[in-house]
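Take a look at the structure below.
What you see below is based on every heavy atom in this structure, not just the backbone, and it leaves out hydrogens, waters and symmetry mates.
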Amino acid sequence: MVQGILIDYEFCTGCHTCEIACAVSHDLPNNRAGVVVHHEGAWEITEDVWQDTYLPVFTDVCDLCEKGTAAHDGVPMCVHHCQANVLKIGNVEELAKDLAAKPKQVLYALKAKE
């Protein structure tokens, strides 16, 4: 069973809590953690339509807290602390169903380090 994280970009507020939770729980420098939040915008696309999006991106450092040392009740710290509740962990096949139901989402399938 392959685990993944589904990210709903529509509601990410760019609070960086996922990034900070990962860095702190793994004793990593900020912006070098398993998840890093990027900001695209703010700029005008057309009149009254703006590009202003926050994009949590998972890096190769992410191991889904598989070792259990940083997880909270089996949930990675980034997911546990996400204030906007835009991160969801689970089986990739199940998360793919949620992905198909709504635009502006990304599904990361992550392989834990051995």
Does the side chain of Ile7 reach to within under 4.5 Å of the side chain of Cys12, using non-hydrogen atoms?
no
Using every non-hydrogen atom in the two residues, find where Val2 and Ala109 come nearest and quote the distance to one decimal.
CG1-CB, 4.2 Å
For Asp8, is there an ion pair with Lys104 - N to carboxylate O distance below 4.0 angstrom?
no
Who are the side chain to side chain donor-acceptor pair (under 3.5 Å) partners of Thr59, not counting sequence neighbours?
none
Can you check whether Ala42's main-chain N or O pairs, donor with acceptor, with Gln51's side chain at less than 3.5 Å?
no
Out of curiosity, does Val57 fall in the hydrophobic cluster containing Val35 (side-chain heavy atoms, cut-off under 4.5 Å, transitive links)?
yes
Heavy-atom pair with the smallest gap, counting every atom of His26 and Asp63:
NE2-OD1, 3.8 Å
Should Tyr108 and Leu55 be counted in the same cluster of Ile, Leu, Val, Met, Phe, Trp and Tyr side chains packed under 4.5 Å apart?
yes
What heavy-atom pair brings Glu47 and Glu44 nearest, and what distance separates the two atoms?
CA-OE2, 3.3 Å
Just so I know, are the side chains of Thr53 and His39 near enough to count as touching, which here means a heavy-atom distance under 4.5 Å?
no
Name the atoms and distances for all side-chain donor-acceptor pairs under 3.5 Å in residues 75-92, with sequence neighbours left out.
unit_1 : atom_1 : unit_2 : atom_2 : d
Gln83  : NE2    : Thr17  : OG1    : 3.2
Lys88  : NZ     : Asp98  : OD2    : 2.5
Asn91  : OD1    : Glu93  : N      : 2.8
Asn91  : OD1    : Glu94  : N      : 3.4
Asn91  : ND2    : Glu93  : OE1    : 3.3

Note: Gln3 and Leu64 closest approach over all heavy atoms is CB-CD1, 3.5 Å
If you take all heavy atoms of Ala33 and Ala23, which pair is closest and at what distance?
CB-N, 3.8 Å
Side chains of Asp52 and Glu40: closer than 4.5 Å at any heavy-atom pair?
no
Are Phe58 and Ile5 packed together at the side-chain level, in the sense that at least one heavy-atom pair is separated by less than 4.5 angstrom?
yes
Holding to side-chain contact (heavy atoms from CB on, under 4.5 Å), I want the full list of residues that pass it with Val24, two or more places apart in sequence or in another chain.
Ile20
Measure the OH-OH distance between Tyr54 and Tyr9 for me, rounded to the nearest 0.5 Å.
14.5 Å
Heavy-atom pair with the smallest gap, counting every atom of Leu95 and Gly4
CD1-O, 3.3 Å
